[in-house]
There are 2 protein chains.
Amino acid sequence: MKVKEVAELTGVSVRTLHHYDEIGLLKPEEVTESGYRIYSAANLETLQQILFFRELGFSLGKIKEIITDLDYDRNEALALQRRMLVDRRGQLDRMIEVIDQTIRHYKGEIHMSDKEKFAGFDFTKGNLYEKEARQRWGDEAVNRSNAQLGAMSKEEQEKLGQEMNDIYFKLADLRQLPPESEEAQAAIKLWWEYLNRMGSYSYEAFKNLGQMYVDDERFTKNIDKFGEGLALFMRDAMAVFADRAAAE
Amino acid sequence: MKVKEVAELTGVSVRTLHHYDEIGLLKPEEVTESGYRIYSAANLETLQQILFFRELGFSLGKIKEIITDLDYDRNEALALQRRMLVDRRGQLDRMIEVIDQTIRHYKGEIHMSDKEKFAGFDFTKGNLYEKEARQRWGDEAVNRSNAQLGAMSKEEQEKLGQEMNDIYFKLADLRQLPPESEEAQAAIKLWWEYLNRMGSYSYEAFKNLGQMYVDDERFTKNIDKFGEGLALFMRDAMAVFADRAAAE
DNA sequence: CCTTGACTCTCACGTTACGTGATCCTTTAG
DNA sequence: CTAAAGGATCACGTAACGTGAGAGTCAAGG
């Protein structure tokens with residue numbers, strides 16, 4: 001397929017395709033000797049991936065990193081994109097809620113604080129890659145959770161995925177603070193509660209899981225995509241949390 | 001409130017506030033003699049509006065046009081924003097659907113055409129202002145439709161609003177073509193069908209409605225916000241459509 | 001009163017992701 | 001074989017801020 005065809009099929013401009021070629025994000029499978037770009041079916045699939053990530057607010061640079069990642073897995077990516085889209089939808093829901101409130105506010109039916117008026121705008125802009133360690137939790141007793149997940153409704157699954165995202169983001173935001181700080185501990189408590197909804201953990205297991213986040217580089221790598229040093233931070237916070245809880 | 005306070009409350013950066021001041025989009029209520037920007041509660045409400053429109057993809061220039069419009073009505077704007085957010089959510093739903101399909105496609109469970117793979121990406125990017133003439137249709141027999149609307153479920157209402165939007169956008173895209181062209185007629189047919197779901201029209205009434213779009217400047221103004229000359233284009237296309245249909 | 005740290009201001013250049021011609025070459029349909 | 005349509009490559013333009021740099025301001029504490 002030539003540029004215009006691709007452009008019309010996908011809705012992006014020809015210039016955009018040129019641009020993506022220039023920056024090495026999407027190089028056409030073939031270039032004729034006259035210089036024409038020819039795109040293959042595989043190219044189209046890559047483009048689809050690119051567009052999904054772009055819609056999710058990733059910079060082209062990040063997208064390039066992601067899709068040229070050596071162990072990039074399309075299926076994993078799709079699952080991730082799905083969760084993020086569901087997240088986005090949830091955000092929109094909240095914004096719609098805010099609008100409804102605002103309308104009622106102007107009607108004098110209710111009162112809204114300034115904070116509430118902007119509650120819909122907490123864009124998780126720090127676009128961070130996920131790739132979710134959960135799939136890789138073949139080690140710990142976490143495979144149970146997958147079985148559980150299977151038994152859950154789609155809605156419940158989405159809710160959980162969203163929640164997990166939120167917790168990671170929250171933790172990433174706090175990672176400069178000392179792990180024993182109140183905020184950190186409050187956030188890590190959410191993580192504890194989250195995990196325990198997936199299958200029960202002992203304080204020991206929780207602490208060990210944290211240790212694994214830094215010992216096993218697969219975990220480290222994935223977690224740190226939410227923010228440099230997050231794995232380390234989580235390990236420390238989880239240890240503090242477990243120790244304190246056990247001492248009670 | 002000073003800049004940082006506003007920034008933290010609303011989630012925008014200080015630089016962004018500076019920028020909005022620079023381009024005259026949001027001037028602080030007051031500036032101290034030392035040059036500090038002081039924002040009022042009214043400023044915050046304006047900012048909320050700005051952020052909603054921004055989230056909906058409007059350029060800052062457009063937003064400025066909109067909110068400095070003399071007969072700008074906050075309540076109308078909120079209603080409009082709500083509809084557009086619902087639209088966006090619908091788009092996300094479609095994208096999620098596409099992802100689900102794609103996943104199944106890779107699993108080999110189903111087949112997807114290239115077209116289907118990009119079905120979620122028809123971003124109605126031509127960000128155009130609506131303000132919806134419907135509210136102003138006190139003239140024609142269209143008040144009936146409002147009564148009907150009242151009897152409809154929220155979901156149905158949203159669906160209709162979305163559909164209307166889509167039709168306007170489509171027509172705006174085609175407005176350079178001759179009104180009797182196939183595409184134009186196909187699009188105007190959608191409009192005919194849409195209206196007839198709201199209450200039945202004679203071909204005569206339909207044609208007259210089109211004429212009104214250019215005669216009554218309130219209509220013209222509102223319609224043309226979807227694109228310069230759209231009202232004129234619609235009148236012509238509607239006339240052709242009505243004449244042809246009546247001739248059958 | 002004075003210092004200090006947290007804010008604030010104004011340039012002013014940098015960045016991202018393309019848009020928009022201008023100019024020139026290829027390809028394809030009649 | 002000759003347009004018209006599509007493609008290519010510069011190269012500059014734009015939108016919406018980000019990111020220091022350098023300098024003034026303000027409230028709290030010593």
Side-chain angles (χ1 to χ4, degrees), chain A residues 1-40 43 46-47 49-67 121 123 125-127 176, chain B residues 1-40 43 46-47 49-67 121 123 125-128 173 176-177 227:
Chain A
M1 294 177 81
K2 287 185 282 185
V3 274
K4 200 183 184 191
E5 211 176 336
V6 176
E8 279 169 359
L9 176 64
T10 65
V12 309
S13 73
V14 171
R15 177 67 175 92
T16 299
L17 291 173
H18 285 177
H19 185 58
Y20 290 174
D21 187 1
E22 270 176 39
I23 65 174
L25 179 56
L26 180 65
K27 296 222 171 269
E29 188 86 26
E30 189 198 331
V31 179
T32 70
E33 52 178 287
S34 52
Y36 282 32
R37 296 171 174 80
I38 308 291
Y39 293 86
S40 69
N43 284 154
T46 306
L47 181 53
Q49 293 286 306
I50 292 172
L51 292 184
F52 271 122
F53 279 118
R54 191 183 68 168
E55 177 63 15
L56 287 164
F58 287 80
S59 74
L60 297 187
K62 264 287 170 212
I63 297 178
K64 192 177 169 187
E65 272 182 45
I66 293 174
I67 65 180
F121 294 104
F123 308 115
K125 284 190 76 174
N127 287 315
Q176 308 295 0
Chain B
M1 293 176 82
K2 285 186 283 185
V3 273
K4 199 182 185 194
E5 210 176 338
V6 176
E8 279 170 359
L9 177 63
T10 65
V12 308
S13 74
V14 171
R15 177 68 175 91
T16 299
L17 291 172
H18 285 177
H19 186 59
Y20 290 175
D21 186 3
E22 269 176 41
I23 65 175
L25 179 55
L26 180 66
K27 295 222 170 267
E29 188 86 26
E30 189 199 329
V31 180
T32 70
E33 52 179 286
S34 50
Y36 282 32
R37 294 169 177 81
I38 307 292
Y39 292 87
S40 69
N43 284 153
T46 306
L47 181 52
Q49 294 285 306
I50 292 172
L51 292 183
F52 272 120
F53 279 117
R54 191 183 68 170
E55 177 64 15
L56 288 163
F58 287 81
S59 75
L60 297 187
K62 265 289 171 209
I63 298 178
K64 192 177 169 185
E65 272 183 43
I66 294 173
I67 66 180
F121 294 104
F123 308 115
K125 284 190 76 174
N127 287 313
L128 299 158
D173 280 337
Q176 310 294 1
L177 295 151

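No experiment lies behind these values; they were computed from the predicted model shown. Each chain gets a letter, A, B and so on, in the order the sequences are listed, and its residues count up from 1.
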Inset, instruction - Would you kindly give the CD1-to-C1' distance between I50(A) and dA17(C), to the nearest whole Å? - result: 13 Å
Legend entry - Spatial distance of atom CD1 (I38(A)) from atom CE (M1(A)) [nearest 0.5 Å]: 10.5 Å
Inset, instruction - Using a 4.0 Å heavy-atom cut-off across all strands, classify V14(A) as base, sugar-phosphate, or nothing. - result: nothing
Inset, instruction - Report yes if at least one side-chain N or O of T16(A) is closer than 4.0 Å to OP1 or OP2 of dG19(C); otherwise report no. - result: yes
Legend entry - Sub-4.5 Å side-chain heavy-atom contact between L47(A) and L17(A): yes
Legend entry - Per-nucleotide protein contact string for nucleotides 22-30 of chain C (B base, S sugar-phosphate only, - none; heavy atom under 4.0 Å): ----BS---
Inset, instruction - Give the rounded distance in Å between these two atoms: NZ of K62(A) and C1' of dA17(C). - result: 18 Å
Legend entry - 5' priority, DNA chain C, between E8(B) and R15(B) [closest heavy atom]: E8(B)
Legend entry - Residues in salt bridge (charged side-chain N to carboxylate O under 4.0 Å, His left out) contact with E5(B), at least two apart in sequence or another chain: none
Inset, instruction - Please report the C-alpha distance between E22(B) and R15(B) in whole Å, then the side-chain angles of each, then the deciding distance to 0.1 Å, and finally whether the salt bridge (Lys or Arg N to Asp or Glu O under 4.0 Å) criterion is met. - result: CA-CA 10 Å; E22(B) 269 176 41; R15(B) 177 68 175 91; 3.8 Å; yes
Inset, instruction - Would you kindly give the NZ-to-P distance between K4(B) and dG5(C), to the nearest whole Å? - result: 16 Å
Legend entry - side chain to side chain contact (heavy atoms under 4.5 Å, CB included) assessment of L60(B) paired with H19(B): CA-CA 10 Å; L60(B) 297 187; H19(B) 186 59; 4.0 Å; yes
Inset, instruction - Considering just the side-chain nitrogens and oxygens of R37(B), establish if one lies under 4.0 Å of OP1 or OP2 belonging to dT10(C). - result: yes
Legend entry - Option from F52(B), Y20(B), F53(B) for which side-chain contact (heavy atoms from CB on, under 4.5 Å) with I63(B) holds: F53(B)
Inset, instruction - Give the minimum heavy-atom separation between E29(A) and N43(A), together with the two atoms involved. - result: N-OD1, 2.7 Å
Legend entry - Pairwise side-chain contact, L25(A) with T46(A), heavy-atom cut-off 4.5 Å (strictly under): no
Inset, instruction - Strictly below 4.0 Å, heavy-atom distances to any atom of DNA chain D: list the hits from residues 17-30 of chain B, or just say none. - result: H19(B), Y20(B)
Inset, instruction - Determine yes or no for a side-chain-to-main-chain donor-acceptor pair under 3.5 angstrom, with D21(B) supplying the side chain and H18(B) the backbone. - result: no
Inset, instruction - Could you tell me whether the phosphate oxygens of dC18(C), OP1 or OP2, come under 4.0 Å of any side-chain nitrogen or oxygen in S13(A)? - result: no
Legend entry - Side chain of R54(A) - closest among dA16(D), dC18(C), dT8(C): dC18(C)
